[in-house]
Amino acid sequence: MTQIEPQPGIMNIALYQGGKSEIAGRTDVLKLSSNENPFGPPPVAIEAIVAAAGDTHRYPSTDHAALRAAIEEVYGLEANRVICGVGSDEVLQFICQAFTGPGVEVIHTEHGFSMYPILAHAAGATPVCVAEKDRQVDVDAILAAVTERTGVVMLTNPGNPTGTILPVAELERLADGLPDGVILVLDCAYIEYAVGHDGGEALARRRENVIMTRTFSKLYGLGGLRIGFGFGPNALIDVMMRIRQPFNLSEVQLSAAEAAARDLDWATTCVEVNAVERARLTGGLRQHGIACDDSHTNFVLARFADEAEAAEMEEAFQAAGILVRKVGGYGFPEGLRITVGRPEDNDRVLDAVAAFKGAA
Ligand code: PMP
């Protein structure tokens with residue numbers, strides 16, 4: 001009998017580890033482990049979900065026209081350059097599937113999003129990890145890693161779990177230094193929190209090899225529903241459209257995302273509260289001698305003296321009913337990534353830190 005063999009690369013994939021969501025025996029768990037919006041989805045999105053629910057015997061739209069029109073109206077991203085996916089994860093998957101394969105290298109950075117090597121392996125491609133410098137993406141190191149086999153460069157900007165951001169000028173320098181045949185992917189999952197930074201939108205509009213990905217999972221509070229999109233040159237979007245399943249997004253997903261996108265007041269308020277609370281959380285951690293960079297996202301990477309102290313702090317958080325994210329897998333064994341919560345949530349975090357440091 002012939003052996004059943006998976007496609008090359010698939011068995012190299014280590015399963016994705018998500019943030020924890022439960023603490024045994026506790027009902028008052030504060031989940032700050034997955035960078036979710038602590039205020040939940042906008043009420044208009046919930047209304048849209050309910051309104052769409054009665055029509056779920058119908059197949060959804062295949063062209064996502066209404067959502068893409070809203071993306072054009074609200075963000076100024078031309079609808080014909082937009083592709084929608086089951087989270088931005090699916091758009092990243094389209095990119096790997098369409099433009100890489102055996103023999104092709106996918107460059108990602110040391111602290112970048114852990115789905116990049118998974119998606120590269122799934123396509124049979126070879127992930128190539130490039131070091132960062134002091135928790136910042138290093139453009140020169142990326143350029144030095146480019147070979148004639150490089151197909152795609154994937155960048156998390158702002159970074160997760162670092163929270164740091166590359167300025168547009170550096171993104172431009174990177175794009176200028178890449179061969180025309182290499183695609184630069186700017187994963188902008190948290191870009192709304194980096195007020196004033198365009199995420200490389202202008203770059204993606206100007207160049208034939210730059211794709212920006214965005215999501216409704218973070219600021220828009222719809223992570224559980226799975227909607228994201230990519231914005232890039234028509235020629236690349238056209239290729240990806242051919243491998244997208246015609247009914248990849250349900251009407252429930254599409255209408256919730258459209259309603260959320262149009263609720264600008266809600267988004268603005270969430271960004272403003274996050275900025276104030278992020279500063280308070282960062283300041284509070286630093287007061288206790290815990291190192292953290294300025295974050296441009298909705299989370300803070302707290303760096304402890306060493307792995308042992310981070311583990312003890314995590315235990316102390318759990319004893320207080322708080323879940324944060326261990327980030328050893330992202331190259332920070334001494335780190336804990338803490339999502340910025342509501343003001344009362346952050347009080348709870350800072351109280352736990354004070355108790356821990358007081359007791360230490
Ligand atoms: N990129 C980054 C950097 C992320 O943190 C996440 C969510 N964990 C994603 C992409 C994927 O998000 P989604 O598929 O929910 O859009």
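Indexing begins at 1, ligand by ligand and atom by atom, following the structure's order. Sequence positions, counted from 1, serve as the residue numbers for this chain.
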Novice: With sequence neighbours left out, write down each residue that passes side chain to side chain donor-acceptor pair (under 3.5 Å) with Arg58, or none if nothing qualifies.
Specialist: none

Novice: Quick check with a 6.0 Å cut-off and a 45 degree axis cone: is Arg214 positioned over the face of Tyr75's six-membered ring?
Specialist: yes

Novice: Assign the ring pair Tyr190 / Phe299 to parallel, tilted or perpendicular, where the plane angle (0 to 90°) is split at 30° and 60°.
Specialist: perpendicular

Novice: Would you please say whether a donor-acceptor pair under 3.5 Å links the side chains of Tyr116 and Thr156?
Specialist: yes

Novice: Determine whether a donor-acceptor pair (N or O, by modelled atom type, separation under 3.5 Å) exists between the side chain of Arg303 and the backbone of Glu334.
Specialist: no

Novice: Under a strict 4.0 Å criterion on non-hydrogen atoms, which protein residues are in contact with ligand 1?
Specialist: Tyr16, Gly87, Ser88, Asp89, Phe113, Thr156, Asn160, Asp187, Ala189, Tyr190, Thr215, Ser217, Lys218, Arg226

Novice: For Leu219, does its backbone N or O pair with a side-chain atom of Asn37 as donor and acceptor, under 3.5 Å?
Specialist: yes

